[in-house]
There are 2 protein chains.
Amino acid sequence: MGEVTEPALADVPVTAVLQALADPTRLRMVRTIADGGERLCGMLEEQLPKATRSHHLKVLREAGVTHTRVVGTGRYVSLRREELDRHFPGLLPAVLTAAEPAAAEKRAAV
Amino acid sequence: MGEVTEPALADVPVTAVLQALADPTRLRMVRTIADGGERLCGMLEEQLPKATRSHHLKVLREAGVTHTRVVGTGRYVSLRREELDRHFPGLLPAVLTAAEPAAAEKRAAV
DNA sequence: CTCTTGGTTCGACTTTTTTGGAACAAGCCC
DNA sequence: GGGCTTGTTCCAAAAAAGTCGAACCAAGAG
C-alpha cells in the first residue's frame with residue numbers, strides 16, 4: 001500500500017519539469033537532495049509547515065523529478081537523475097549548476 | 001524611444017528563466033525562434049490574439065531569454081543564446097533538445 | 001489499545017498567471 | 001491628413017498556483 005506512484009518520464013512534458021523546477025522553494029529542495037543523494041522528507045525546508053512541504057514534494061514527484069521510497073512512516077526522497085538525463089539530456093545538471101544573482105539590493109536607479 | 005529594455009542576465013534568477021520556458025506556448029515560440037535565428041513578432045503563434053502574444057513575448061524578454069530589435073513598427077525577436085549559455089550553461093540547449101511525449105492518448109489502462 | 005511521530009489530504013483563501021477585448025501609439029504610404 | 005499595419009498598454013475576468021490550518025492515516029513504542 002505504501003507505494004508511491006511516479007510518472008514514466010516518457011509521459012512528462014518538458015514544460016512540466018521546468019514548471020516544477022521554476023519555484024525557488026522547490027529548486028532549493030532539489031539542490032539539497034542533489035548533494036546528499038537521498039533525504040528524509042521532513043529534513044527539507046523545515047521552516048515551512050508540513051502541508052506546504054508535502055505539496056511541493058508532490059509537484060516534484062508528479063513532474064518526474066523525484067523518487068520516493070517509503071520506509072515505515074517516513075519518505076525518503078531522491079532525484080531520478082539517470083532517467084531524467086536520459087529523457088532530458090543535460091537539463092538537470094544545467095539547472096543545478098546555475099548560479100543565483102547575488103542577492104541584488106533594490107538597485108535604486110543606478 | 002523605440003528601444004526595448006532587457007535585463008542583464010546576472011540579475012535574472014534561474015527560476016525566472018525556467019518559469020518563462022515552462023509554458024507550452026512560450027516554449028513553442030522559443031523553438032520557432034531557435035531555428036530561424038530571428039522572427040518578426042507577428043509571425044509567431046499567429047492563432048492567438050495579439051495581446052496574448054505580446055504578453056508572452058514580454059515574459060520571455062523580461063526573463064532575459066529573448067532580444068528584441070525594433071524596425072519600423074515591427075519587432076524582430078531573437079534568442080540571447082551566447083549570454084544565456086554563459087550564465088546558465090547548457091540550459092537552453094537542453095530545453096530545446098527535449099523531446100515531447102508523443103501526444104499520448106488518454107492512455108486508458110494499457 | 002493509546003500515544004506519538006512523519007506525512008498526506010481536505011478545504012479555504014491569497015496571489016500569480018493567463019487570456020483577450022478595446023483603446024492607443026508609431027511608422028508607412030498615398 | 002487619412003487609412004492601414006504592427007504591436008503595446010489597460011483593464012477585467014478566469015484559471016492556476018501557492019500557502020497553510022486542521023483533520024486524518026499508518027507505523028512504531030509502550
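Residue numbers begin at 1 in each chain, while the letters A, B, ... track the order of the sequences.
Following rounding to the nearest Å, Arg26(A) (CZ) and dA17(D) (P) show an atom-to-atom distance of 9 Å. Rounded to a whole Å, the CZ atom of Arg75(B) is 12 Å from the P atom of dC28(C). Rounded to an integer number of Å, the gap from CD of Gln47(B) to C1' of dG20(C) is 14 Å. One atom, CE of Met29(B), and another, P of dT18(C), lie 12 Å apart when rounded to the nearest Å. Rounded to whole angstrom, the span from the OH atom of Tyr76(B) across to the C1' atom of dT5(D) amounts to 13 Å. The distance between atom NE2 of His55(B) and atom C1' of dT16(C), rounded to the nearest whole Å, is 10 Å. Counting to the nearest Å, the P atom of dG20(C) and the CG atom of Leu57(B) are 15 Å from each other. Summarising the geometry, the separation between CG on Leu44(B) and C1' on dT6(D) is reported as 13 Å, rounded to the nearest angstrom.
Mapping Arg61(B) and Gln19(A) onto DNA chain D via the closest heavy atom, the residue that lands nearer the 5' end is Arg61(B). If Lys50(A) and Gly72(A) are placed on DNA chain D by their nearest nucleotide, the residue sitting closer to the 5' end is Lys50(A).
Among the heavy atoms of the strands, none lies under 4.0 Å from Leu48(A).
Relative to the side chain of Cys41(A), the nucleotides dT19(D), dG18(D), dT8(C) differ in distance, and dT8(C) lies closest.
Of the listed residues (Leu60(A), Thr25(A), Asp23(A), Leu44(A)), just one forms a side chain to side chain contact (heavy atoms under 4.5 Å, CB included) with Val30(A), and that residue is Leu60(A).
The side chain of Thr73(A) contributes no N or O atom lying less than 4.0 Å from OP1 or OP2 of dG7(C). Using a 4.0 Å cut-off, some side-chain N or O of Ser54(A) falls inside it from OP1 or OP2 of dT8(C).
Looking only at distances, no side-chain donor or acceptor of Arg75(A) sits under 3.5 Å from a matching main-chain atom of Arg69(A).
Between Arg31(B) and Glu100(B) there is a salt bridge, since at least one side-chain N of the basic residue sits less than 4.0 Å from a carboxylate O of the acidic one.
Applying the 6.0 Å contact sphere to CD of Glu82(A) captures no more than 12 heavy atoms from other residues, nucleotides or ligands.
Between the side chains of Arg80(B) and His67(B), no donor-acceptor pair is found at a separation under 3.5 Å.
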